[in-house]
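Throughout, a chain's letter reflects where its sequence line sits, starting with A, and its residues are numbered from 1.
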Number of protein chains: 2
Amino acid sequence: MKCVTEKSEDRIREAAKRVFLKKGFDGTTSRDIAKEADMNIALTNYYFRSKEKLFLEVFKDVLEEYFQNMLTILNKDIDIKTKISEIIDNDFYMMKKEPDLVIFIMNEIHKSPQRLFPDMSIFRQVRETYLKKQLEEGAANGTLRPMQLENILPLIKCGVEFIFMGKEIHKELFMMTDDDFAKYAEEQKEHIKAMVCNYLVIG
Amino acid sequence: MKCVTEKSEDRIREAAKRVFLKKGFDGTTSRDIAKEADMNIALTNYYFRSKEKLFLEVFKDVLEEYFQNMLTILNKDIDIKTKISEIIDNDFYMMKKEPDLVIFIMNEIHKSPQRLFPDMSIFRQVRETYLKKQLEEGAANGTLRPMQLENILPLIKCGVEFIFMGKEIHKELFMMTDDDFAKYAEEQKEHIKAMVCNYLVIG
DNA sequence: ATATATTTTAAATGCTTGTTTAAATTTATC
DNA sequence: GATAAATTTAAACAAGCATTTAAAATATAT
């Protein structure tokens with residue numbers, strides 16, 4: 001049933017995002033997208049010229065969605081333990097809200113990296129956050145273990161993202177139900193916070 | 001050019017593994033596999049009945065390859081710091097040797113978990129290793145922070161696997177060449193070892 | 001050497017793919 | 001309200017898909 005208040009182009013873009021996230025580029029057909037948007041198949045090419053171009057638009061949005069909230073937190077003027085905790089909490093929230101997002105990004109970039117990095121100004125923004133300055137100052141005055149942004153950031157993010165990307169294999173491996181997993185993930189989140197802070201913050 | 005000493009069935013299986021790992025199930029065609037094996041297209045179905053059945057055979061092998069070396073290390077009678085170090089080194093070695101393996105497993109299971117867990121006796125073996133006993137004893141005598149296998153194991157594995165799965169995005173994000181990344185990954189490996197050991201081992 | 005079974009082949013099957021066409025319909029402009 | 005532009009539609013396109021067929025080639029057994 002069509003929502004008349006919304007532009008067709010946006011309807012297609014949003015439908016495409018849902019389908020691409022779930023099935024990946026190779027697993028998605030133009031007809032899947034048209035059906036999800038409840039529109040004629042020809043309209044996907046009328047508005048976006050090709051499946052490829054539609055995908056690139058969606059992918060750019062998805063990649064920015066992945067970085068945007070983290071970027072805001074990285075630039076906050078808060079102490080570094082709180083910052084790490086907030087990044088991890090945000091990651092946790094994101095993985096629950098959009099369980100397909102990270103594995104989708106990882107997989108699509110892994111399969112064809114060259115095609116997916118056109119401008120990506122968001123990358124520069126991640127490189128130049130306030131956290132970087134905090135790390136330098138902390139290392140200089142001896143409160144933090146000397147580490148670069150590229151070393152600490154993956155340590156912060158990998159824990160939560162890894163168990164959610166591998167949710168089904170972790171469930172099977174450790175014989176967990178969905179409820180078990182939810183409780184397990186909460187435990188794991190606190191372990192990660194403590195482990196990373198213990199390692200980075202001296203004393 | 002055909003290798004006459006090798007059975008056709010095995011040639012197809014090995015070609016299929018290479019292509020599936022690189023392109024995923026959806027991105028792989030039967031013709032891709034036949035071409036990689038340098039054999040007639042009809043032979044894939046002559047020996048394996050369907051692309052799906054061939055994939056399931058390959059996937060089972062790949063999943064066992066993922067767990068097998070780790071399983072051996074988990075059962076070694078060595079102290080727990082050494083054990084963690086060996087698991088991480090092994091992960092590192094595996095990611096360099098088979099860069100597509102982990103993201104492939106994660107992605108395929110994420111997309112359709114139910115179809116990929118038939119018997120999986122390897123999972124039980126992972127659950128019942130000597131490490132589990134070491135964790136219980138260490139927690140009992142106060143040398144280790146009390147943790148379950150399902151909590152510590154992902155912490156050990158996520159660091160290395162995460163940066164290699166996201167190799168291309170990390171290269172782009174932090175403006176690294178392949179050589180830069182190789183050095184960076186070595187650094188990161190040592191950070192992970194130290195961080196996990198510091199957290200698990202008391203004192 | 002001949003008969004049988006196995007393996008390989010080229011060709012064809014019917015179906016799905018991304019994309020395009022041209023006509024029909026709706027919307028905007030004067 | 002007529003005309004032009006934008007949008008939507010059903011239908012078709014060629015190409016590629018997984019799979020099957022039946023004949024040819026090869027290996028095996030008698």
Side-chain angles (χ1 to χ4, degrees), chain A residues 1-62 104 107-108 111-112 114-116, chain B residues 1-62 104 107-108 111-112 114-116:
Chain A
M1 154 190 74
K2 294 189 186 181
C3 170
V4 288
T5 63
E6 200 179 8
K7 290 270 167 35
S8 295
E9 187 176 323
D10 292 330
R11 288 243 319 280
I12 294 168
R13 194 195 311 273
E14 287 158 21
K17 181 188 165 185
R18 287 193 297 275
V19 182
F20 278 137
L21 276 175
K22 202 192 298 178
K23 301 187 174 191
F25 180 81
D26 290 331
T28 298
T29 70
S30 298
R31 283 167 181 80
D32 288 339
I33 296 168
K35 193 171 187 181
E36 173 78 18
D38 191 26
M39 300 188 77
N40 186 284
I41 168 71
L43 290 177
T44 60
N45 280 25
Y46 176 75
Y47 283 108
F48 296 94
R49 303 192 36 194
S50 71
K51 178 190 167 191
E52 170 78 9
K53 288 199 171 61
L54 174 52
F55 177 76
L56 291 178
E57 283 203 28
V58 167
F59 189 82
K60 191 164 184 286
D61 291 348
V62 167
F104 167 79
N107 192 53
E108 297 297 338
K111 276 190 305 185
S112 54
Q114 72 293 340
R115 113 183 203 257
L116 300 172
Chain B
M1 157 190 72
K2 293 189 185 179
C3 169
V4 287
T5 63
E6 201 180 6
K7 290 270 167 34
S8 294
E9 188 176 324
D10 292 330
R11 290 243 318 280
I12 293 168
R13 196 196 309 272
E14 287 158 21
K17 182 189 164 186
R18 288 193 296 276
V19 181
F20 278 138
L21 276 175
K22 201 192 299 181
K23 302 187 174 190
F25 180 81
D26 291 330
T28 298
T29 69
S30 297
R31 283 167 180 80
D32 289 338
I33 296 168
K35 193 172 186 180
E36 174 78 18
D38 190 25
M39 301 189 76
N40 187 285
I41 169 73
L43 289 177
T44 61
N45 278 27
Y46 176 74
Y47 284 108
F48 297 94
R49 299 191 42 192
S50 70
K51 177 188 167 190
E52 170 79 8
K53 288 201 170 61
L54 174 52
F55 177 77
L56 291 178
E57 284 205 27
V58 167
F59 189 83
K60 192 164 183 284
D61 291 348
V62 166
F104 168 79
N107 193 54
E108 296 298 338
K111 276 191 307 186
S112 55
Q114 73 292 341
R115 112 183 203 258
L116 299 172

Between [N] atom [atom2] and [X] atom [atom1], what is the distance in whole Å?
X	N	atom1	atom2	answer
B:L43	D:dT26	CG	P	14 Å
A:K35	C:dG18	NZ	P	14 Å
B:K7	C:dT7	NZ	P	9 Å
B:M39	D:dA18	CE	P	17 Å
B:E9	C:dT8	CD	C1'	15 Å

Which residues share a side chain to side chain donor-acceptor pair (under 3.5 Å) with A:E36, sequence neighbours left out: A:R18
For B:S112, which residues count as a side chain to side chain donor-acceptor pair (under 3.5 Å) partner, sequence neighbours excluded?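 Once residues adjacent in sequence are excluded, the partners of B:S112 under the side chain to side chain donor-acceptor pair (under 3.5 Å) criterion are B:R115.
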I'd like a table of donor-acceptor pairs (distance under 3.5 Å, sequence neighbours excluded) in which one partner is a side-chain atom from residues 41-49 of chain A, with atom names and distances.
residue	atom	partner	partner atom	Å
A:T44	OG1	A:I41	O	3.0

With heavy atoms under 4.0 Å as the rule, sort B:F48 into base, sugar-phosphate or nothing.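 Answer is nothing: B:F48 stays at 4.0 Å or more from every strand.
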Regarding A:S8, tell me which of base, sugar-phosphate or nothing describes its non-hydrogen contacts under 4.0 Å with the strands shown.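 Sugar-phosphate: the residue A:S8, judged by heavy atoms under 4.0 Å, touches backbone atoms but no base.
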Near DNA chain D, counting only heavy atoms under 4.0 Å, which residues of residues 23-34 of chain A show up? A:R31
Quick one: are [X] and [Y] in side-chain contact, heavy atoms under 4.5 Å?
X	Y	value
A:M39	A:I12	yes
B:R13	B:E9	yes
A:E57	A:D61	no

Expected list for residues 19-27 of chain A: side-chain donor-acceptor pairs under 3.5 angstrom, two or more places apart:
residue	atom	partner	partner atom	Å
A:D26	OD2	A:K111	NZ	3.1

Please name the pair of heavy atoms, one in B:R11 and one in B:A37, separated by the smallest distance, quoted to 0.1 Å. NH2-O, 2.5 Å
Whichever of A:E52 and B:Y47 has its nearest DNA chain C nucleotide further upstream toward 5':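 The answer here is B:Y47.
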Collect all protein-nucleotide pairs involving nucleotides 20-26 of chain C in which both atoms are nitrogen or oxygen and the distance is under 3.5 Å.
none

What nucleotide, of C:dT8, C:dT19, D:dT8, holds the atom closest to the side chain of A:S50?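 My answer, after comparing the listed nucleotides, is C:dT19.
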What's the spacing between A:N107 CG and B:E108 CD if we round to 0.5 Å? 8.0 Å
